[in-house]
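Scroll down for the structure; my scribbles are underneath it.
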2 protein chains.
Amino acid sequence: MEAALNEKIDAFLHLKGLRRTAQRDVIIEAAFGTKEHFTADELWEMAKSIDPATSRATLYRTLNLLVESGLLREIDLGRDQTCYDPNFVEHPHHNHLICLNCRRVVEFEDPHLEVLGDCITRRLGFIPSTKGVRIEADCEEFRTTGTCSRRE
Amino acid sequence: MEAALNEKIDAFLHLKGLRRTAQRDVIIEAAFGTKEHFTADELWEMAKSIDPATSRATLYRTLNLLVESGLLREIDLGRDQTCYDPNFVEHPHHNHLICLNCRRVVEFEDPHLEVLGDCITRRLGFIPSTKGVRIEADCEEFRTTGTCSRRE
DNA sequence: GTTTCTGCAAAGGTTTTGCAACAAA
DNA sequence: TTTGTTGCAAAACCTTTGCAGAAAC
């Protein structure tokens with residue numbers, strides 16, 4: 001596991017008076033050992049490949065902790081289950097483009113969007129903070145052929 | 001019910017070989033009788049105030065039909081349940097700003113964002129279509145006082 | 001008349017939780 | 001030793017579905 005991440009987790013746990021356990025370490029290792037988005041169940045599979053004894057209850061509890069700490073973020077990919085994004089530690093300002101047809105997700109950053117988003121936010125009387133912009137679109141293949149080979 | 005909406009629903013039902021029933025009308029009336037976003041359960045309450053006999057099963061089935069027809073849109077407000085937005089019939093291009101603290105939602109439109117969003121979409125190899133941009137922020141009260149009176 | 005729709009109750013799937021044993025600090 | 005954690009099984013929750021009777025076309 002990356003050293004910076006490790007420290008952040010220690011800091012969060014200590015601040016909250018929580019404990020570092022072997023089970024949590026396994027789940028954290030699984031969650032941040034990938035750059036892919038995942039569901040709770042997908043994470044469970046990944047964690048079990050590290051420690052087959054990983055329990056669902058602990059996984060859900062740890063997942064909520066990681067979200068609360070800000071290290072992991074829930075994102076809406078239009079799937080039935082909640083998805084989690086482990087990439088905000090390395091890229092705190094990234095956004096998502098989602099193909100409404102095949103559900104493919106592309107992460108991107110754009111300075112103009114950053115500025116414009118802040119403008120709009122202020123205009124509406126809010127103060128910009130964590131800003132997660134999501135764009136929905138159709139992929140080229142879908143528009144051209146009417147379907148998409150990546151479709152689920 | 002608005003005449004234009006009525007026609008759109010008729011057209012959709014006819015196209016699909018589906019039937020117009022009293023139960024569906026009640027649910028449609030409830031859904032488009034408000035400009036607020038709602039969950040399935042909130043819609044159930046609204047529908048029951050028109051017809052107390054409204055059943056959950058029919059409500060869920062009709063809800064899925066309305067989403068399929070494009071008249072109603074699922075939106076992610078960061079709540080536990082799926083929320084639905086009845087305002088896309090009147091404002092097909094609106095976006096949402098969501099306060100991460102109190103979950104307040106503001107709808108807005110912005111021509112610059114429209115253009116920039118299309119640009120980004122094309123740059124990433126996609127073709128712009130239904131574009132729903134979502135911005136997350138903190139409301140002023142939260143930033144200033146550390147909490148927010150609207151918080152759930 | 002034929003086909004779709006409704007409503008009930010049951011099932012399905014995900015996430016949370018009470019509790020007793022266990023482990024970290 | 002104190003307090004937090006785990007894992008099981010059960011519960012809670014939202015949503016979907018099979019089926020028989022009812023309604024639309």
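First the proteins, then the strands, lettered A, B, ... as listed; each starts at 1.
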Margin query: Rounding to an integer number of Å, can you tell me how far B:Trp44 CH2 sits from C:dG7 P?
Written below: 12 Å
Next item on the list: Map B:Asp51 and B:Gly17 onto DNA chain C by nearest heavy atom, then report which one ends up closer to the 5' terminus.
Entry: B:Gly17
Margin query: Counting only side-chain nitrogens and oxygens, does B:Gln23 get under 4.0 Å of the OP1 or OP2 atom of C:dG7?
Written below: yes
Next item on the list: Could you check how far CG of A:Asp25 sits from C1' of D:dT5, rounded to whole Å?
Entry: 13 Å
Check: Run the salt bridge (Lys or Arg N to Asp or Glu O under 4.0 Å) check on B:Arg79 and B:Glu42 step by step: do they pass?
Finding: CA-CA 13 Å; B:Arg79 295 170 59 176; B:Glu42 287 163 354; 3.1 Å; yes
Notebook entry, point to check: Between the axis at one end of the helix from C:dG1-D:dC25 to C:dA25-D:dT1 and the axis at the other (five pairs apiece), what's the angle to 10 degrees?
Noted result: 40°
Notebook entry, point to check: Sub-3.5 Å donor-acceptor pair from the side chain of A:Asn87 to the main-chain atoms of A:Lys35, do we have one?
Noted result: yes
Notebook entry, point to check: Do A:His94 and A:Glu109 get their side chains close enough for a donor-acceptor pair, meaning under 3.5 Å?
Noted result: no
Notebook entry, point to check: Quick check: does any side chain N or O of B:Thr58 sit under 3.5 Å from a backbone N or O of B:Ser55, one acting as donor and the other as acceptor?
Noted result: no
Notebook entry, point to check: To the nearest Å, how far apart are B:Asp80 CG and D:dA12 P?
Noted result: 17 Å
Next item on the list: Do nucleotides 16-25 of chain C as a string where each nucleotide becomes B, S or -: B if the base has a protein heavy atom under 4.0 Å, S if just the sugar-phosphate does, - if no protein is that close.
Entry: BBB----BBS
Note to self: Expressed as a whole number of angstroms, how long is the span from A:Leu65:CG to C:dT15:C1'?
What the structure shows: 15 Å
Next item on the list: Step by step, work out the side chain to side chain contact (heavy atoms under 4.5 Å, CB included) result for B:Phe12 and B:Leu71.
Entry: CA-CA 10 Å; B:Phe12 174 75; B:Leu71 295 171; 5.6 Å; no
Next item on the list: Report yes if the distance between the aromatic ring centroids of A:His37 and A:Tyr84 is under 6.0 Å, otherwise no.
Entry: no
Next item on the list: Figure out the CD1/C1' separation between B:Ile27 and C:dC5, and round it to whole Å.
Entry: 11 Å
Item checked: Interatomic distance where CD belongs to A:Glu74 and C1' belongs to C:dT15 [whole Å] -> 12 Å
Checklist line | Distance in angstrom units between B:Leu59 CG and D:dT16 P, rounded | finding: 11 Å
Next item on the list: Figure out the CD1/P separation between B:Ile28 and C:dC5, and round it to whole Å.
Entry: 12 Å
Item checked: Value rounded to 0.5 Å, distance of CZ in A:Arg103 from SG in A:Cys99 -> 8.5 Å
Next item on the list: Run through B:Asn64, B:Ile27, B:Val26 and flag the one making a side-chain contact (heavy atoms from CB on, under 4.5 Å) with B:Leu59.
Entry: B:Ile27
Item checked: Nearest to side-chain heavy atoms of A:Arg24, which nucleotide of D:dT15, C:dT6, D:dT5 -> D:dT5
Next item on the list: Please determine, by modelled atom types, if A:Glu107 and A:His91 share a side-chain donor-acceptor pair under 3.5 angstrom.
Entry: no
